[in-house]
Amino acid sequence: MTSLEFHPKHQYVREERFPHVWCPGCGLGILLQSYIGAVEKSGIPQDNHVLVSGIGCTARIPGYVNMDTYHTTHGRAIPFATGIKLANPDLKVTVISGDGDLFNIGGNHFIHAARRNMDLLVICSNNFNYGMTGGQHGATTPPTSKSASTPYGNIEPAFNLPHLAYALGASYVARWTVMHPRQLVKSIKTAMEVKGFAFIEVLSPCPPNFAKFNGFADGFEEMEFYRSNSIVRNEAKLDDISIDPFHGKPVVLGDFVNRKRASYVTLERELIKKSMEGSR
Amino acid sequence: MIKESKINHDQGNIWRTPVNYERFPKPKGKIHIFPERCKECNYCTNYCPNEVLERSTSVNVYGYHPVRVKKGKEDSCVACGMCQTICPDFAIFVTEVRQ
Ligand SMILES: Cc1ncc(C[n+]2csc(CCOP(=O)(O)OP(=O)(O)O)c2C)c(N)n1
Ligand code: SF4
Ligand code: SF4
Ligand SMILES: [Mg+2]
């Protein structure tokens, strides 16, 4: 191999920063590749995409993407992204962040952005724990599973994220895993075309934490778990698809919702236009 | 925990080989590896449908054994791109060789 060879996605990544910080077998690199795969296919110029994250391992993704990216404060990616979108509605604004960032500390921002049908694409990497801080449990940790802070098993129920997003009013809702990269790229690309709030949950292995605590030897075993225990059901009843993998329940994946609802930016522009014309 | 679910690479078990199979040219791929990026997660070695890749015995600067093409499998890559798609580390890619 000569030094003149670049990775085919060279144009979209800051290759000089590789190798990246993530653990061997961490799924986040696959999510990164899937996101830029969708950017490439989106037909929207690279310069018109913006990527925003909060804090966590997942939130390091924008640091490797070669475009306008923001690594913000813990839980606050959605408010930052909302500001960017409202200031410049022509940009395609995407948030990629972790389950802890988006649904524990940042949960309130998520529910209101979805309620308003804010024109954002939010991708949550769900590794069922706080990866960066050592694997503590949170609102997405499956029942009875172990974590650094639930050594005897988690007694709490977990959020069913697609159901939550749908109930709040999101225009687009999907769930995939990094073991399904081709479906994931397609889903992200579709979500980029949506007017309003689009949400994709992406299950991703975390070998040193969730995998280790729950009996998977490594990332590959967790990947195999997703390969052999997931089913694709685009028409699934969303209240049935909570993630409960340790009681024999298959993980349900699919592009569940793609509906038309007036988006915040559309309504805001209409309102501005009307008020400029002097009517109320 | 999920040890029993070994990947079945032997597609002949599932699909009948078409009678005119040999008449169709198989695509041919060339594999490119960035050894210093590989973290030895073994995704590519496990998910390559033709089992072209293996962990090498050499060590990169971070202490990992980067993957390499198996001896005797140099012409077996069909450029499906699975290793490139599944590699979390941007450490491997495939180009199709024009035949
Ligand atoms: C205000 C604040 N509180 C706590 C932290 C510590 N902290 C850093 S990352 C993190 C959790 C991240 O979890 P998640 O969003 O699931 O990301 P992952 O690392 O799992 O990808 C926490 C609690 C922080 N950085 N800032
Ligand atoms: S701790 Fe988990 S989420 Fe963080 S880099 Fe390692 S595997 Fe990935
Ligand atoms: S998938 Fe990438 S990081 Fe993992 S073993 Fe293969 S080349 Fe190395
Ligand atoms: Mg997490």
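Below, chains carry the letters A, B, ... as their sequence lines are ordered, and counting in each starts from 1. The structure presented is a predicted model; accordingly, all values stated were derived computationally and were not measured. Heavy atoms only: backbone and side chains are in, while hydrogens, waters and symmetry mates are out.
At a threshold of 4.0 Å, the pair B:K73-B:E51 does not count as salt-bridged, since none of the basic side-chain nitrogens sits closer than that to a carboxylate oxygen. Salt bridge status for A:K9 with A:E40: present, with a side-chain N to carboxylate O gap under 4.0 Å.
If you tally non-hydrogen atom pairs under 4.5 Å between each of B:I86, B:N42, B:I92, B:V94 and chain A, the highest count goes to B:I86.
When the shell of 6.0 Å around CZ of B:R37 is examined, it contains more than 12 heavy atoms from other residues, nucleotides or ligands. Surrounding CD1 of A:I155 are at most 12 heavy atoms belonging to other residues, nucleotides or ligands under 6.0 Å away.
Heavy-atom distances place the side chain of A:I36, and not its backbone, under 4.5 Å from chain B. With a threshold of 4.5 angstrom between heavy atoms, B:C87 approaches chain A through N, CA, C or O but not through any side-chain atom. In this structure, the portion of B:Y43 lying under 4.5 Å from any heavy atom of chain A is its side chain and not its backbone. Heavy atoms of A:V13 lying under 4.5 Å from chain B belong exclusively to its side chain.
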For B:E54 and B:R68, run salt bridge (Lys or Arg N to Asp or Glu O under 4.0 Å): C-alpha distance rounded to whole Å, both residues' side-chain angles, the deciding distance at 0.1 Å, then the answer.
-> CA-CA 6 Å; B:E54 67 179 4; B:R68 67 177 174 205; 2.9 Å; yes
